[in-house]
Amino acid sequence: MITRSVSFLLAALWLAAAPAGAQTTAGASAAIPHLQKQGTATQLIVDGKPFLMLAGELRNSSGSSLDYLKPIWPKLVAMHINTVLTAVYWELLEPKEGQFDFTLVDGAIQAARENNLRLVFLWFGSWKNGVSSYPPAWVKTDQNRFPRVQDKNGKGLETLSTLGTASRDADSRAFAALMRHIKQVDIRHTVIMMQVENEVGVLGDSRDRCEAANKAFEGPVPKELLDYVASHKDILHPDLSKAWEAAGSKTSGTWEQIFGKAAYTDEIFMAWNYASYVGHVAAAGKAEYPLPMYVNTWCSMPSPGRGPGTYPSGGPEPRVGNIWKVGAPAIDIRGPDLYSPNQPDWIKWYRANDTDNPLFIPETDSTRGAYHLFYALGQHDAMGYAPFAIDELLYPVNPAANPGTKPADLPLAKSYATAGQLAPVILKYQGKDKMAGVVVSAEEPSQKVTLGDYVLTVSYPRSGRRPAPPPATPGAAAPATPAPAPAPAGPPPVGVIVISAGPGEYFIAGSGQVNVTFAPNTPGDPIAGVLSIEEGSFVNGRWAPGRRLNGDETSQGQFARIGGNGIPNGSIQRVKLYRYR
Ligand code: DGJ
């Protein structure tokens, strides 16, 4: 029988020695994956170079069986995914207190490496979607040691209380053990980032009302938080400064004395307590191995009748982003989970309401992701994009839903193939105001992009309108695979990225068929003409021209056709413009 320590040693030796194909041909740099600013963007640096995560998140239970995952890895590669988000479960990692089983972690790292994929591990520790279904049995069955949230009716919820110091410390020990282990076995940096917990917050009430929580709520607001509020007025969320100022801009007092008597105060209180707990867990992990760490947010735009508790109260929502920033300094990113059809509106809202927060989209709808991707990359410098339940898209995992579908045929795979080619260019221009992204849709069939010396108009080839989709339900994390809507009339939404590569020179690509016309944006000759359009690809980051497009393929040099008229969807085009009068 192989003992636990011998099997650990074997796994460690294998993981340290195994070839990692393309990802290590340049040699793994000693630098741990980390975040770095470039202009206004934040990039993830892996092995010394910026890395764009074209990612996918597996379904919640997929990571619990290496056999289940075995046939899936190569299909993810065929989908042009370069990073897989998969869970590590506290209940399986530490089934007995203090005894750790890293079999699933090692198996995932090994399989990812064999397939030249990177990993982001999701730590399903104390909380997942607000509740505590993933702590091990020794935690769940000891309510005295590991207290629960109580709601306003005195009912205990299956949710660990943030006020439970023993819970926080037990979770931190397990997470630290995980990070220590990853550091030991993953010298080639297959694991590039960590998610700490999952969509935390109290559901069903605006705050925890257990005895310890009530006592803390009646106690003073920590000085650290008050100092931050008083000294960062310029970057406070408007709702936070309004609440503080309306209550008299006090510098000491209880939560209600400082922020007023309102559900929002309960949310602020919970945010502070979740941030303190999750930040403690993250810091314990970073002390072992400081990978970048993020939390994901169950997003809810403020709307009447949908207060904190209808969405997880105290989660890293934009309205309490400041609280998270000061309460959890070990957390680098608060990432929005975005499932609504109008994703551009949600991204704009998130960015405007939680400033000074790099954009990583840890969860989104896998179908709509095929076009929203280009908006997130082009318009907002997203460092990564991760549609959820990615394994469910794949035949034969779900033959009923996708009979005969080949991974590479999926719309998301096609978009990832395009974005993967563009990645070196995207990374070069992130944070420099040289890129734009739009989604052309029934609601906005023609969109203008001002970039460099020109205004580009991106439109459907013909202005066919289609019925508007049902309105988004703010706050609800929609099912990952919603029932298919009735077949819409007219073209589906198309995502387009435009990159300004020099004066009058653009790379343009997208997820479907659009036409792009050009007009000058600066003084001088008033008409823009097309000098040349090349179709091509990027090979190892260098432009490799294919056909020279003119004639019908450009409507006699009048516009760029991104798809249609003999031009395949996914075409990448380099357009050079000139001006005349
Ligand atoms: C958001 C959660 O973070 C995911 O783990 C998953 O439960 C999805 N919701 C399902 O829509």
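These figures come from a predicted structure and were not determined experimentally.
Judged purely by atom type and a 3.5 angstrom limit, N82 has no side-chain atom pairing as donor or acceptor with the backbone of L117. At least one donor-acceptor pair under 3.5 Å links the side chain of S415 to the backbone N or O of A370. Side chain of D381 to backbone of G431: a donor-acceptor contact under 3.5 angstrom is found. In this structure a side-chain-to-backbone donor-acceptor pair under 3.5 Å is missing from H34 to V46. No donor-acceptor distance shorter than 3.5 angstrom exists from the side chain of Q143 to the backbone of R148, with no hydrogens or angles considered. Judged by distance alone, the side chain of K140 and the main-chain N or O of S133 form a donor-acceptor pair under 3.5 Å. Remark: the backbone N or O of G495 is paired with a side-chain donor or acceptor of S511 at under 3.5 angstrom. Within the 3.5 Å criterion, the main-chain N or O of V439 finds a donor-acceptor partner in the side chain of Q447. A distance-only check finds no donor-acceptor pair linking the side chain of R319 to the backbone of P238 [under 3.5 Å]. Counting only distance, with no hydrogens or angles, the side chain of Q38 and the backbone of L427 share a donor-acceptor pair below 3.5 Å.
Aromatic pair W90/Y134: centroids not less than 6.0 angstrom apart. If you look at F259 and Y264, their ring centroids are not closer than 6.0 Å. Less than 6.0 angstrom separates the ring centroid of H380 from the ring centroid of Y375. Ring to ring, Y274 and W127 are close: their centroids are under 6.0 angstrom apart.
Applying the side-chain contact (heavy atoms from CB on, under 4.5 Å) criterion to N129, with sequence neighbours excluded, gives N198, E199.
More than 12 heavy atoms of other shown residues, nucleotides or ligands fall within 6.0 angstrom of atom NZ in K37. By the 6.0 Å contact criterion, CG on D345 is enclosed, its count of non-hydrogen atoms from other residues, nucleotides or ligands being greater than 12. Other residues, nucleotides and ligands contribute more than 12 heavy atoms inside 6.0 Å of the NZ atom of K286. Other residues, nucleotides and ligands place more than 12 heavy atoms under 6.0 Å from the NZ atom of K432. In K183, the NZ atom is not crowded: 12 or fewer heavy atoms of neighbouring residues, nucleotides or ligands sit closer than 6.0 Å.
Atom CG of L157 is separated from atom OG of S132 by 9.5 Å, given to the nearest 0.5 angstrom. Residue S231 holds its OG atom at 8.5 Å from CG of L236, rounded to the nearest 0.5 Å.
The side-chain tip of R306 does not point at the ring of Y311 from less than 6.0 angstrom away and within 45° of straight on.
Heavy-atom minimum distance, P493 versus Y371: CB-CE1, 3.5 Å. Nearest heavy-atom pair across P336 and P362 is O-CD, 3.3 Å. When all heavy atoms are compared, the tightest approach of S64 to L104 is O-CD2, 3.7 Å. Across P222 and W272, no two heavy atoms sit closer than the pair CG-NE1, 3.4 Å. Nearest heavy atoms, L291 versus M179: CD1-CE, 3.9 Å.
Side-chain atoms of H237 and N353 include a donor-acceptor pair closer than 3.5 Å. Between the side chains of S441 and E443, a donor-acceptor pair is found at a separation under 3.5 Å. For the residue pair S206 / D266, a side-chain donor-acceptor distance below 3.5 Å is found, with atom types taken as modelled. For the residue pair Y294 and Q195, a side-chain donor N or O sits within less than 3.5 Å of a side-chain acceptor on the partner. Under the 3.5 Å distance criterion, with hydrogens and angles disregarded, no donor-acceptor pair is assigned to the side chains of Y339 and T364. Between the side chains of Q150 and D208, not a single donor N or O lies within less than 3.5 Å of an accepting N or O. Judged purely by distance below 3.5 Å, without hydrogens or angles, the side chains of R207 and N214 pair a donor atom with an acceptor atom.
A salt bridge does not link R59 to D391: none of the charged side-chain nitrogens sits closer than 4.0 Å to a carboxylate oxygen. By the 4.0 Å N-to-carboxylate-O rule, R334 lies close enough to D354 to be salt-bridged with it. Salt bridge absent: D356 and R351 never bring a charged side-chain N and a carboxylate O closer than 4.0 Å.
Applying the salt bridge (charged side-chain N to carboxylate O under 4.0 Å, His left out) test to every pair with at least one member in residues 158-178, sequence neighbours left out, gives these pairs: E97-R173.
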Side-chain donor/acceptor pairs under 3.5 Å, residues 244-252, sequence neighbours excluded:
residue : atom : partner : partner atom : Å
W244    : NE1  : K250    : O            : 2.9
K250    : NZ   : A247    : O            : 2.6
K250    : NZ   : Q257    : O            : 2.9

